[in-house]
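The sequence lines fix the lettering, A, B, ..., with proteins before strands; numbering per chain opens at 1.
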Amino acid sequence: MTVRTRFAPSPTGFLHIGGLRTALFCWLYARRHSGVFVLRIEDTDLERSTPEAIQQILDGMEWAGLDFEEGPFFQTKRFDRYREVIEELLANGKAYRCYCTKEELEQMRAAQIARGEKPRYDGRWRERSDTPAGLPSVVRFKNPLTGEIAVDDVVHGRVVFQNSELDDLIIARSDGTPTYNFCVVVDDMDMQISHVIRGDDHLNNTPRQMNMLLALGQKPPVYAHLPMILGADGAKLSKRHGAVSVLEYRDQGFLPEALLNYLARLGWSHGDQEFFSIEEMIKLFDIADVNKSASAFDGGKLAWLNQQHMMRAPADRVVPVLRWHLDREGIAAANEAQLEQIVVAQRERAKTVLEMAANSAFFFRAPAAYDEKAVRKNITAEVPSLLAETARRLNQLADWAAPAIHALISDVAQEKSVPLGKLAQPIRLAVSGGTVSPPIDATLAILGKSETLSRLTRALTAWGA
RNA sequence: GCUCCCUUCGUCUAGAGGCCUAGGACACGGCCCUCUCAAGGCCGGUACAUGGGUUCGAAUCCCAUAGGGAGCGCCA
């Protein structure tokens, strides 16, 4: 049997971190077993579904690299099929028409709640065969009255529900459109989904879905209900608590593989290992190793992992991302080799590529001003002559590379009997405008000879040489 | 209210009866390294929700309690 998993978001909002984690686990499981990953858009809620949300989901999946073999399928395009199955159930006596009005149902619920009971449909039309003319009706599934139904969940273990707790849910509205729980059942059946991996907020829906599947003569798939992801404060993820589009993470400078690595570790682990490449995740991931309890989102750890991925990836992996972020800041960086050098020099001093771009802007733009406080502290009376001497010698340096530059600066410092920092910091200030940059030799090597000299000259003018 | 689920450091987790005076990671504090900032190295503190069992022995098994979450729609 080939493994077939599906990710089935409803396009009523953006794809957020919780959805992406679900998609990731489905994807990993399919990849691990050389199976098929299906994308299905559950857009039966015509009121709230939007084309923008669909596009967002597609873009998010693409950015994350979660590719699918089949789909995207749209439930709104399958209404004929749903109707067909509803007719079949009706014909078999496995579903029936209910002519209750919404008001009648509301009254029923209110009375049940008042009595301390669980609100549910009482089955008053279940055995009636009369068909009141001219009245609208819904179709309800005839759920078994007795016995129990057990979900053998891969992450939660065996969860048993009494059929008496379940009521006859509506599968077709009075306007004839099918409802969510029913569409899921038909889709999972038609798409031959072998493993349903989804959030554990669906665990309570599962027995109903299984009963419908059984009524249709199907063998239920394997179920795995994933624990929820909570906001950093431990509260439910909501728009107020960090539920942002996954594309927001791209914009903030996170590498998709780092986000995926972080998400995989929320609820799943492999011993003490924290860093996983995509390939390792595919090789090691198993739903059976997933935790049962919800976890809180920790942006700090995501940032750490992101840096780890930046440091371990080949520089040319980060270059296009850096270029994209520089571009957004209005810097067109064309020199591939230079960008690679920047990545290597900056990746250990930035948590995100966005931060790396910000820290590296000075390579492309001469400082408009010098940090005043730093000037007061570092540009003492003897500094201009020191800098002038350094500039003179740099001008004569033929081999413009970090080792030679380092040797030259050390020599000057030694000859003038000043500590290296006394010289390096003013140079840093002159070329970057601030006090933070990669080691001074690497900084100048990347900047290039003519740019370095011109910035030193400008600084000397500014500092009264 | 009813049904179902969950509960190890602040956070993510290891742990499947003795290897646990509970391990790792992030964060935090200290030290080292050092031209800045980092990265890196070393050190440090903090956790088995509570109460009962079972057992020679329990973080691990059982039962209660407490706390948290989900579902109970002609929403998905």
Side-chain angles (χ1 to χ4, degrees), chain A residues 8-12 42-45 47-49 75 98 100-102 105-106 109 112-121 136-140 151 153 156 159-162 164-167 169-175 177 179-181 183-184 199-208 225 227-228 230 232 234-236 262 265-275 291-305 307 311 346-351 359 374 378 406 409-410 413 419-429 432 434-441 443:
Chain A
S10 66
T12 53
E42 309 213 318
D43 56 350
T44 54
D45 186 345
E47 303 274 294
R48 295 193 299 153
S49 298
Q75 290 186 323
C98 163
C100 291
T101 62
K102 289 186 186 179
L105 293 173
E106 254 166 59
R109 262 193 291 275
Q112 287 164 332
I113 290 171
R115 268 178 272 138
E117 291 168 15
K118 176 177 181 170
R120 72 239 249 232
Y121 178 66
S137 67
V138 298
V139 178
R140 289 185 182 270
V151 183
D153 192 274
H156 288 275
V159 183
V160 180
F161 295 84
Q162 296 304 316
S164 55
E165 288 294 334
L166 275 18
D167 64 0
L169 76 158
I170 293 173
I171 59 178
R173 303 180 181 97
S174 46
D175 66 359
T177 58
T179 58
Y180 167 79
N181 274 108
C183 295
V184 168
D200 65 12
D201 48 342
H202 287 286
L203 185 53
N204 285 296
N205 288 330
T206 307
R208 299 167 177 285
H225 288 93
M228 305 268 87
L230 276 17
K236 194 189 165 185
Y262 176 72
R265 284 285 292 99
L266 242 36
W268 174 78
S269 62
H270 184 258
D272 286 338
Q273 189 171 342
E274 297 287 351
F275 183 95
N291 279 163
K292 299 171 185 205
S293 50
S295 44
F297 186 85
D298 178 359
K301 187 151 186 182
L302 201 213
W304 173 78
L305 260 177
Q307 181 167 38
M311 291 195 294
Q346 295 284 45
R347 61 188 172 189
E348 64 196 35
R349 36 185 60 79
K351 298 284 191 196
N359 294 344
N378 295 291
H406 185 264
I409 294 174
S410 299
L420 189 54
K422 187 82 183 166
L423 183 53
Q425 208 53 351
I427 297 174
R428 179 168 282 117
L429 205 42
S432 77
T435 56
V436 175
S437 89
I440 201 64
D441 50 355
T443 299

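Of the nucleotides present, B:rA66 is the one that pairs with B:rU7 by Watson-Crick or G-U wobble criteria, both distances under 3.5 Å. Shown here, B:rC20 forms no base pair; nothing in the strands shown gives a Watson-Crick or G-U wobble contact with both key distances under 3.5 Å. Nucleotide B:rG71 forms a pair with B:rC2, judged by Watson-Crick or G-U wobble geometry with both contacts under 3.5 Å. B:rG29 and B:rC43 make up a base pair, with Watson-Crick or G-U wobble contacts both under 3.5 Å. Across all strands shown, B:rU60 remains unpaired; no Watson-Crick or G-U wobble contact has both distances below 3.5 Å. When both distances must be under 3.5 Å, the Watson-Crick or G-U wobble mate of B:rU36 does not exist.
With rounding to whole Å, A:Leu302 atom CG is found 12 Å from B:rA27 atom P. Remark: P of B:rG69 and NE2 of A:His202 are 18 Å apart, rounded to the nearest angstrom. One atom, CZ of A:Arg428, and another, P of B:rC35, lie 10 Å apart when rounded to the nearest Å. The CZ-P distance, from A:Arg347 to B:rA39, rounds to 14 Å in whole Å. Here the P atom of nucleotide B:rC2 and the CZ atom of A:Arg115 are 15 Å apart, to the nearest Å. The CD1 atom of A:Ile113 sits 11 Å away from the C1' atom of B:rG73 (whole-angstrom rounding). Atom NE2 of A:His270 is separated from atom P of B:rG15 by 10 Å (rounded to the nearest Å). Rounded to a whole Å, the CD1 atom of A:Ile170 is 4 Å from the P atom of B:rC74.
Both A:Arg349 and A:Glu42 sit near RNA chain B, but only A:Arg349 has its closest nucleotide nearer the 5' end. Comparing A:Asn181 and A:Arg109 by the nucleotide of RNA chain B that holds the closest heavy atom to each, the one mapping nearer the 5' end is A:Arg109.
For A:Asp45, the listed nucleotide lying nearest its side chain is B:rA76; candidates were B:rA76, B:rG23, B:rC74. Picking from B:rU36, B:rC74, B:rA39 the nucleotide with the shortest atom distance to the side chain of A:Lys351 gives B:rA39. The side chain of A:Pro119 lies closest to B:rG1 when the candidates are B:rC35, B:rG1, B:rG73. Listed nucleotides B:rG73, B:rC35, B:rA70 differ in distance to A:Asp201; the shortest reach to its side chain belongs to B:rA70.
Between the A:Asp167 side chain and the A:Tyr121 main chain, a donor and an acceptor come within less than 3.5 Å of each other. Not one N or O on the side chain of A:Arg347 forms a donor-acceptor pair closer than 3.5 Å with the backbone of A:Ala350. Side chain of A:Ser295 to backbone of A:Leu266: no donor-acceptor contact under 3.5 angstrom is found. Remark: the backbone N or O of A:Ser293 is not paired with any side-chain donor or acceptor of A:Asn291 at under 3.5 angstrom.
Within 4.0 Å (heavy atoms only), A:Asp43 reaches no atom of the nucleic acid at all. Within the 4.0 angstrom heavy-atom criterion, no nucleotide atom of any strand lies near A:Cys98. Looking at heavy-atom distances under 4.0 Å, A:Gln307 makes contact with sugar-phosphate atoms alone, never a base. Residue-level contact check: A:Met228 touches neither bases nor backbone, having no heavy atom under 4.0 Å from any strand. Residue A:Pro438 is classed as a base contact, given a heavy-atom separation below 4.0 Å to a base. At a threshold of 4.0 angstrom between heavy atoms, the contacts of A:Asn359 with the nucleic acid are absent. Base engagement by A:Ser174 is indicated by at least one non-hydrogen atom pair under 4.0 Å involving a base atom. No engagement by A:Thr177 is indicated, since no non-hydrogen atom pair under 4.0 Å with the nucleic acid exists.
Within 3.5 Å, no donor on the side chain of A:Thr179 pairs with an acceptor on the base of B:rC74, nor the reverse. Between the side chain of A:Arg120 and the base of B:rC72 there is no donor-acceptor pair of N/O atoms closer than 3.5 Å.
Residues A:Ser432 and A:Ser437 bring no donor and acceptor atom of their side chains to less than 3.5 Å of each other. Counted by atom type alone, A:Arg109 and A:Gln112 present zero donor-acceptor pairs between their side chains at under 3.5 Å. Side-chain contact of A:Asp175 with A:Thr177: a donor-acceptor pair under 3.5 Å is present, judged by distance alone.
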**OP:** For nucleotides 3-12 of chain B, just jot down a letter per nucleotide in 5' to 3' order: B, S or -, based on protein non-hydrogen atoms under 4.0 Å.
**Re:** SSSSS---SB
**OP:** Start with the C-alpha distance between A:His225 and A:Val159, add both sets of side-chain angles, then the distance that settles side-chain contact (heavy atoms from CB on, under 4.5 Å), and finish with yes or no.
**Re:** CA-CA 11 Å; A:His225 288 93; A:Val159 183; over 6 Å; no
Original post:
Can you check side-chain contact (heavy atoms from CB on, under 4.5 Å) on A:Ile409 and A:Leu423, steps first, answer last?
Top reply: CA-CA 8 Å; A:Ile409 294 174; A:Leu423 183 53; 3.7 Å; yes
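Rounded to the nearest 0.5 angstrom, A:Gln75 CD and A:Ser49 OG are separated by 9.0 Å.
In terms of phosphate contacts, A:Ser437 brings no side-chain nitrogen or oxygen within less than 4.0 Å of OP1 or OP2 of B:rU36.
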